[in-house]
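Residue numbers begin at 1 in each chain, while the letters A, B, ... track the order of the sequences.
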Amino acid sequence: MADINKKDVIKLLEDIAVLLELKAENPFKIQAYRKAAQILETDQRSLREFDDLTKINGIGAKTAATIQDYIENGYSETLQALQKQVPEGLIPLLDLPGLGGKKLSKLYHELDVIDITSLEEACQNEKVSALKGFGKKTEENILKAIQDYKKQPERLPVDDMLKVSKQVESYLDSIEAIDRYSIAGSMRRLRETVKDLDFIISTKDFDTVRKALIEMPNIKEIIANGQTKISIIITWDYDVSIDFRLVEDHQFATTLHHFTGSKDHNVAMRQRAKAQGKKISEYGVLDIETGDIETFESEEDFFQSFGLTYIPPERREADGELDRFEEAVDLVESSMIKGDLHMHTTWSDGAESLEDMAQFVTDKGYHYMAVTDHSKFLRVAHGLNEKRLRDQIKEIERVRQLYPDLTIFSGIEMDILPDGTLDFDDTVLAELDFVIASIHSSFNQTEDQIMYRLNQAMENPYVHMIAHPTGRIIGKREGYAVDVDKLITKAKETKTILELNANPKRLDLNSVWLKKAQEKGVKIAINTDAHRKSNLDFINEGVKMARKGWLNPDSVINTYSVDQLKSVLKEKKNR
DNA sequence: GCCGTTTTCGGCCCGACTGTTTTCAGTCG
């Protein structure tokens, strides 16, 4: 038997769906393959643990046989047959806005379009506009889509989009005719990369708002300008597309829910509605029997009408939330956070003094903080040597007197050196309250080397936490070769805390690993790694990511009181 | 292709906008 795993099978089903789409097959047939792939993705079990695939709702005899054939032979006849019928170069063309399976299929069959080059030529020679169902405008739009496709990445990192989003929000704040508005879409769900921004706006004066929106600064192009929907592209570092939906206020909650998605979450909600004799649209919930349309003051009320507790946006990913949220789920919330255990000051590469950081943390209502500047190995960040570290401890002692209600842990973000040794001796570490170990060098080492370094750090009785465990920078850098499963196992064994670094560039660990860590009983700290005052607000993104990973307050040590936290830190040394 | 307290056919989530039409198909979210 060939060595096929579940990911391979999911990819097979998705590939089949794409090829069927290009054949302009029945959309429901295509959907059936996509659904089967998603069901496997969501299911906890590995491929070997399924005894009979057809028992799963959504996988029938045909799909099960296709999967079986693939597992046994190592290739799929179904897939190969389709691949013979569809040129490979057509597949990426589906990403061009305005082109779907049906149009592409027609372009292929009637104009021999097989890839982006032949499509561009067909447009330039005005063959496309001559086709029935196509016109001059479509031809122009395809050409423009090709230009854009060549120069722009498909999705942008959430950190970049957060900045654009804030800019748009401050513009919306200036429009008086707007009653209320909210970001929606994948930005609201805090996906790691975001394709475009969606805003829902309620108003009594559609015309005024619409006029104001299309006068927003930096607009490059207006894509759609309808009664209730305005789509624009604004120029930032990249071009960013933004959709605005205008609604009357009583429709706000259902519209917001609708455009927050995810798409699959909405499908699941509508299926649930249907089973209850109701029909969901963005304008409300229709009772099929009476014909009444119900609207809601808030999303809470909306969920409640379906027998559900409030599902936060970042949890709406169609991975079992509808069942789980029939009862209230105990998830961590921003208001539960009592301290931040990773931040920098002017002693290394931070922008604020130690005393100022104590003030800012106090302003946030926290009970404790850890001062964790870089260690000496990190010269570029002006890392602390033993002497400066001891001087800093004295400064911490001074600031403690000024803030008697705040517990300040003396700490360090200590480098794990390329050879696996630590930047400080145990005698130095023993003088500190909170020791973070992290990797900032030799990212290209093999998995064995990286794991050796991390293991050395976790084995050390004075190391409390591993920071940004994978080192990834979203959309920019992969991170080092960590086997996170092994890392989690080792963290459990050594009672080492793992960080959820809340900086939106990092969000490290991500939700998938957080979920696993919690299942294994590993404690997590949500930290901002603040280098300046405003960075302390990253805690909100951190908490969202934590909830995406289903983290409950008990798994998150900075929801603990000072005393509880201290006893957790003690466990490490005493293990 | 999948499913069934509509159970082997007929529906599968719903609506806005654009472009090409002259009543609607395709795409998108």
Side-chain angles (χ1 to χ4, degrees), chain A residues 13 16-17 19-21 23-39 53-67 78 82 93-107 128-142 145 184-189 191 194-200 210 222-232 241-247 251 254-275 277-286 288 293 318:
Chain A
L13 298 174
I16 290 174
L19 291 168
L20 291 174
E21 201 167 19
K23 284 191 69 191
E25 267 277 4
N26 176 0
F28 298 110
K29 186 171 172 180
I30 297 163
Q31 182 61 25
Y33 278 104
R34 294 234 157 91
K35 196 175 160 196
Q38 201 214 332
I39 288 162
L53 287 166
T54 58
K55 280 188 187 151
I56 303 169
N57 196 357
I59 298 183
K62 190 80 189 288
T63 305
T66 304
I67 295 172
T78 311
L82 282 168
L93 301 186
L94 276 175
D95 290 336
L96 296 176
L99 279 187
K102 292 187 181 171
K103 279 189 180 167
L104 270 177
S105 182
K106 193 160 184 180
L107 289 167
V128 172
S129 52
L131 284 182
K132 192 173 159 59
F134 292 73
K136 202 73 215 158
K137 192 89 189 191
T138 307
E139 193 169 72
E140 284 167 19
N141 286 344
I142 294 173
S186 56
M187 181 78 250
R188 185 168 182 237
R189 303 199 313 278
R191 284 280 309 267
V194 175
K195 195 173 163 195
D196 48 25
L197 298 178
D198 302 276
F199 288 90
I200 311 303
R210 191 168 58 237
I222 296 168
I223 303 288
N225 186 6
Q227 267 302 303
T228 61
K229 178 185 167 182
I230 290 101
S231 293
I232 60 171
S241 34
I242 310 177
D243 287 350
F244 300 96
R245 300 277 171 160
L246 309 185
V247 293
Q251 299 165 327
T254 42
T255 307
L256 179 59
H257 174 265
H258 178 88
F259 287 104
T260 295
S262 63
K263 214 172 166 182
D264 293 327
H265 166 86
N266 286 357
V267 170
M269 282 298 292
R270 287 188 171 128
Q271 283 164 349
R272 189 182 183 92
K274 209 174 168 191
K278 298 175 188 168
K279 209 152 122 179
I280 300 177
S281 84
E282 55 258 57
Y283 303 116
V285 176
L286 171 74
I288 293 166
I293 293 177

Whole-Å distance between [N] [atom2] and [X] [atom1]?
{"X": "Asp243(A)", "N": "dG15(B)", "atom1": "CG", "atom2": "C1'", "result": "14 Å"}
{"X": "Ile142(A)", "N": "dG26(B)", "atom1": "CD1", "atom2": "C1'", "result": "12 Å"}
{"X": "Arg272(A)", "N": "dC14(B)", "atom1": "CZ", "atom2": "C1'", "result": "19 Å"}
{"X": "Ile242(A)", "N": "dG29(B)", "atom1": "CD1", "atom2": "P", "result": "14 Å"}
{"X": "Leu53(A)", "N": "dC2(B)", "atom1": "CG", "atom2": "P", "result": "11 Å"}
{"X": "His257(A)", "N": "dG15(B)", "atom1": "NE2", "atom2": "P", "result": "15 Å"}
{"X": "Gln227(A)", "N": "dG15(B)", "atom1": "CD", "atom2": "C1'", "result": "15 Å"}
{"X": "Leu286(A)", "N": "dG15(B)", "atom1": "CG", "atom2": "C1'", "result": "14 Å"}

Assess whether atom NZ of Lys106(A) is packed by more than 12 heavy atoms of other residues, nucleotides or ligands within 6.0 Å.
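Yes, the 6.0 Å shell around NZ holds more than 12 heavy atoms from other groups.
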
With rounding to the nearest 0.5 Å, note down the distance linking OG1 in Thr254(A) to CZ in Phe259(A).
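Result: 10.0 Å between the selected atoms.
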
OH-NE2 distance between Tyr283(A) and His258(A), expressed to the nearest 0.5 angstrom
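The distance works out to 8.5 Å.
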
Could you check whether any side-chain heavy atom of Lys103(A) comes within less than 4.5 Å of a side-chain heavy atom of Thr138(A), counting everything from C-beta outward?
yes

Is there side-chain contact between Ile200(A) and Thr260(A), with heavy atoms separated by less than 4.5 Å?
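A side-chain contact under 4.5 Å is absent here.
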
Among [options], which is the nearest nucleotide to the side chain of [X]?
{"X": "Lys263(A)", "options": "dG1(B), dT27(B), dG29(B)", "value": "dG29(B)"}
{"X": "Lys137(A)", "options": "dT27(B), dT20(B), dG29(B)", "value": "dT20(B)"}
{"X": "Ala224(A)", "options": "dC17(B), dA16(B), dG1(B)", "value": "dC17(B)"}
{"X": "Phe259(A)", "options": "dG1(B), dC17(B), dG29(B)", "value": "dG29(B)"}
{"X": "Lys274(A)", "options": "dC12(B), dA16(B), dG1(B)", "value": "dC12(B)"}

Should [X] be listed as having a side-chain N or O under 4.0 Å from OP1 or OP2 of [N]?
{"X": "Lys102(A)", "N": "dG26(B)", "result": "yes"}
{"X": "Asn57(A)", "N": "dC2(B)", "result": "no"}
{"X": "Thr138(A)", "N": "dT18(B)", "result": "no"}
{"X": "Thr63(A)", "N": "dC2(B)", "result": "yes"}
{"X": "Tyr283(A)", "N": "dA16(B)", "result": "yes"}
{"X": "Lys229(A)", "N": "dA16(B)", "result": "no"}
{"X": "Lys106(A)", "N": "dG26(B)", "result": "no"}

Atom pairs, protein N/O to nucleotides 21-24 of chain B N/O, distance under 3.5 Å:
none

Begin from the C-alpha positions of Leu96(A) and Leu104(A) and carry the test side chain to side chain contact (heavy atoms under 4.5 Å, CB included) through to its verdict.
CA-CA 10 Å; Leu96(A) 296 176; Leu104(A) 270 177; over 6 Å; no

Checking all strands, does [X] fall into the base, sugar-phosphate, or nothing category for heavy-atom contacts under 4.0 angstrom?
{"X": "Gln31(A)", "result": "nothing"}
{"X": "Ile56(A)", "result": "sugar-phosphate"}
{"X": "Ile59(A)", "result": "sugar-phosphate"}
{"X": "Lys35(A)", "result": "nothing"}
{"X": "Ile280(A)", "result": "sugar-phosphate"}

Between [N] and [M], how many Å separate the two [atom1] atoms, rounded to a whole number?
{"N": "dC14(B)", "M": "dC9(B)", "atom1": "C1'", "answer": "23 Å"}
{"N": "dT8(B)", "M": "dC3(B)", "atom1": "C1'", "answer": "10 Å"}
{"N": "dT20(B)", "M": "dT27(B)", "atom1": "C1'", "answer": "14 Å"}
{"N": "dC17(B)", "M": "dT23(B)", "atom1": "C1'", "answer": "16 Å"}
{"N": "dG26(B)", "M": "dT21(B)", "atom1": "C1'", "answer": "13 Å"}
{"N": "dT6(B)", "M": "dC12(B)", "atom1": "C1'", "answer": "14 Å"}

With distance as the sole criterion, do the side chain of Asn26(A) and the base of dG1(B) form a donor-acceptor contact below 3.5 Å?
yes

Taking all non-hydrogen atoms of both residues into account, name the closest pair between Ile230(A) and Leu246(A) and its distance.
CD1-CD1, 3.9 Å

Where Met269(A) and Ile280(A) come nearest, the two heavy atoms and their spacing
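So the two residues come closest at O-CD1, 3.6 Å.
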
Quick test of your reading of the model: are Lys136(A) and Glu139(A) salt-bridged, counting only N-O distances below 4.0 Å?
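Yes, charged N to carboxylate O under 4.0 Å.
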
Nearest-nucleotide 5' precedence on DNA chain B, Ile230(A) against Asp196(A):
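Result of the comparison: Ile230(A).
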
Searching all strands shown, indicate the nucleotide that pairs with dG1(B) (Watson-Crick or G-U wobble; both distances under 3.5 Å).
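Pairing partner: dC12(B).
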
Derivation of the side chain to side chain contact (heavy atoms under 4.5 Å, CB included) call for Asn266(A) and His257(A):
CA-CA 8 Å; Asn266(A) 286 357; His257(A) 174 265; 3.6 Å; yes

